[in-house]
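What you see below is based on every heavy atom in this structure, not just the backbone, and it leaves out hydrogens, waters and symmetry mates.
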Amino acid sequence: MTIALGTPDTEGLVAAADALRDWQAEGAPMQLHPGDLGWYGRNGPRATAGAVRTWSRAGRMLAVGLLDGPGLVRLTTAPDARCDEELARRLADDVVLPGRGVLPEGRAAVEAPRDALVREVLGERGWGIDEPWTPLRRDLTGPVPEPESAVETAGPGLAHLVVAVHRSAFPGSRFTNAGWHAMAGGPLFTDARCLIGRDERGDAVATVTVWSAGPGRPGLLEPMGVHRDHRRRGHGRAITLAAAAALRELGASSALVCTPSSNTAGVAAYVSAGFERRPEIHDRFRP
C-alpha cells in the first residue's frame, strides 16, 4: 500500500503527539519524544503543526518528523516499523529530495533512532555521520533525593524569569515571554511542568521543563539550563534532581535527556544527578 506524507493541522498535531507517546518504551533507543513537539510549541500551535511531518499507510501513522531548525529533521517510527524497508526508503526519498517539502537543498541532517533502517539507507546514499550526542537516563522506580537548593514550579507569573535564565544559558536563543505563554497554553503542555531554581539569595539561577509521555513511560527533560553567571555551583545538579522528581510524580518510569557530547559540563551535571550515560548517537548529514 502507498505510504502518504502529510503535514497535520492543529488537531492532527495532537494525534502525532499521541502516536509518539505510544512509541515511548523502556529499553527503546533515544528517539523523538512528544516533549520535543511540546517545546517547539513556544512558536505557537499552528507553527508547530506546520513543522511536523507524518508518514502513514492504510490510515496508520508509521513515522513522525519534526523540522527542528534549518536543515534538520528529527524523526522516529513506530517500534515495529523500524526495519520496514518500504518505509525506510520512502523516508530517505522524502528527506533527500527538496521538492518533497521536508528538507531544503544544501547541508541537512536527519536524527533517527540508532536501530532505524532509514539510517542505513541514507548511508548508502552518501550521507555521513555528524558530531556525537550523549543520551542519558535516570531510573525513576525509586525515590529521588531532594535538591540542595530551592526549586519551584514556574507558572505564568514567573515566565519572565524562566525566559531570562534560558536566554543566558543559551546565547542566541530567541525564547520570549510570549513564547513561554504559547508553549504553556498549548495542547501539548498538559503533562508538562516548568521549574525554576533559586540560589541562597533567592535569585533565579536555573530552569528546566519536563514532559511526561504518560504513566509507565519515559519522560523527557527539554530544555535544562543554568544562568551563565551562576555555573559550577551545583545548580545544574539541583534543577536536574527536581526535574527527575517531577517526572516521577507524573508517573514516568524514567527520565531521559540528550546533549552534545562536547557539552562536558552538562553531561557531568546529569551524571551527578544520577543519570547514566547511554551509547553515543550521531545524526546522518549531507554536506
Side-chain angles (χ1 to χ4, degrees), residues 24 26 30 33 35-36 38-39 131-155 158-173 175 180 183 191-213 217-281:
Q24 308 303 310
E26 289 301 331
M30 195 74 189
H33 190 278
D36 293 308
W39 169 237
E131 296 298 317
W133 287 66
T134 297
L136 300 104
R137 174 187 179 275
R138 183 190 166 99
D139 183 82
L140 296 179
T141 55
V144 178
E146 290 286 334
E148 297 169 357
S149 54
V151 178
E152 61 187 300
T153 300
L158 297 178
H160 64 292
L161 294 180
V162 172
V163 170
V165 172
H166 178 89
R167 291 177 68 113
S168 174
F170 299 97
S173 170
F175 195 28
W180 188 93
M183 175 186 74
D191 294 324
R193 288 185 189 172
C194 184
L195 306 178
I196 193 158
R198 297 181 183 272
D199 64 9
E200 63 280 359
R201 300 190 305 175
D203 294 333
V205 296
T207 184
V208 67
T209 302
V210 298
W211 307 86
S212 169
R217 300 183 185 276
L220 181 73
L221 282 66
E222 176 62 26
M224 187 280 281
V226 177
H227 194 288
R228 64 174 177 266
D229 295 336
H230 297 273
R231 291 174 177 164
R232 304 184 188 280
R233 303 176 190 176
H235 299 305
R237 178 180 185 274
I239 197 75
T240 300
L241 284 172
L247 282 173
R248 188 169 186 266
E249 289 177 6
L250 291 168
S253 55
S254 63
L256 304 177
V257 68
C258 193
T259 190
S261 298
S262 58
N263 179 19
T264 55
V267 172
Y270 294 125
V271 170
S272 72
F275 282 67
E276 297 182 351
R277 302 185 199 197
R278 303 172 79 179
E280 287 184 327
I281 56 176

Please report the shortest heavy-atom distance between [X] and [Y], naming the atom on each side.
| X | Y | answer |
| --- | --- | --- |
| Ala238 | Val151 | O-CG2, 4.3 Å |
| Ala154 | Val162 | CB-CG2, 3.6 Å |
| Leu140 | Ser254 | CD1-C, 3.5 Å |
| Gly197 | Ile239 | N-CD1, 3.6 Å |
| Ala213 | Pro218 | CB-O, 3.6 Å |
| Leu247 | Ala255 | CD1-CB, 3.7 Å |

Residues two or more places apart in sequence or in another chain: which of them pass side-chain hydrogen bond (donor to acceptor under 3.5 Å, both in side chains) with His235?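 Counting only residues at least two positions away or on another chain, His235 forms no side-chain hydrogen bond (donor to acceptor under 3.5 Å, both in side chains).
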
Does the side chain of [X] reach to within under 4.5 Å of the side chain of [Y], using non-hydrogen atoms?
| X | Y | answer |
| --- | --- | --- |
| Thr141 | Ser253 | no |
| Leu220 | Val257 | no |
| Leu241 | Glu146 | no |
| Ile281 | Pro135 | yes |
| Met30 | Leu256 | yes |

Applying salt bridge (charged side-chain N to carboxylate O under 4.0 Å, His left out), which residue pairs with at least one partner in [range] are found, sequence neighbours left out?
| range | answer |
| --- | --- |
| residues 251-272 | none |
| residues 247-259 | Arg193-Glu249 |
| residues 227-241 | Glu148-Arg237 |
| residues 135-145 | Glu26-Arg137, Arg137-Asp139 |

Report the distance from atom [atom1] of [X] to atom [atom2] of [Y], rounding to the nearest 0.5 Å.
| X | Y | atom1 | atom2 | result |
| --- | --- | --- | --- | --- |
| Ser149 | Asp199 | OG | CG | 8.0 Å |
| Leu221 | Thr209 | CG | OG1 | 9.0 Å |
| Ile196 | Leu161 | CD1 | CG | 4.5 Å |

With sequence neighbours left out, write down each residue that passes ring-ring contact (aromatic ring centres under 6.0 Å, His included) with Trp211, or none if nothing qualifies.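 In terms of ring-ring contact (aromatic ring centres under 6.0 Å, His included), with neighbours along the sequence ignored, Trp211 is linked to Phe189.
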
Only counting residues at least two apart or in another chain, list the ones meeting ring-ring contact (aromatic ring centres under 6.0 Å, His included) with His33.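 Scan of His33 (ring-ring contact (aromatic ring centres under 6.0 Å, His included), adjacent residues dropped) gives none.
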
Would a distance-only check, ignoring hydrogens and angles, find a side-chain to backbone donor-acceptor pair under 3.5 Å from Thr207 to Leu195?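 Side chain of Thr207 to backbone of Leu195, a donor-acceptor pair under 3.5 Å: yes, one is there.
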
Check whether any side-chain N or O of Thr240 sits under 3.5 Å from a backbone N or O of Gly236 as a donor-acceptor pair, and report yes or no.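 Yes.
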
Report the residues that fulfil salt bridge (Lys or Arg N to Asp or Glu O under 4.0 Å) with Glu152, sequence neighbours left out, ordered by chain and then residue number.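 Residues passing salt bridge (Lys or Arg N to Asp or Glu O under 4.0 Å) with Glu152: Arg198.
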
Going by the angle between their ring planes, with limits at 30° and 60°, are His166 and Phe170 parallel, tilted or perpendicular?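 Tilted: the ring planes of His166 and Phe170 meet at 30° to 60°.
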
Per the side chain to side chain donor-acceptor pair (under 3.5 Å) rule, what does the pair list look like for residues 272-281, sequence neighbours excluded?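 Of all non-adjacent pairs touching residues 272-281, those that pass side chain to side chain donor-acceptor pair (under 3.5 Å) are Ser261-Glu280.
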
Any ring-ring contact (aromatic ring centres under 6.0 Å, His included) pairs touching residues 248-269, not counting sequence neighbours?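 Applying ring-ring contact (aromatic ring centres under 6.0 Å, His included) to every pair that reaches into residues 248-269, excluding sequence neighbours, yields nothing.
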
Among all residues two or more places apart in sequence or in another chain, which pass the side chain to side chain contact (heavy atoms under 4.5 Å, CB included) test with Ala159?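 Applying side chain to side chain contact (heavy atoms under 4.5 Å, CB included) to Ala159 gives Trp180, His181.
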
For Thr259, all residues meeting side chain to side chain contact (heavy atoms under 4.5 Å, CB included), sequence neighbours excluded: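 Thr259: side chain to side chain contact (heavy atoms under 4.5 Å, CB included) contacts with Leu136, Asn263, Val267, Tyr270.
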
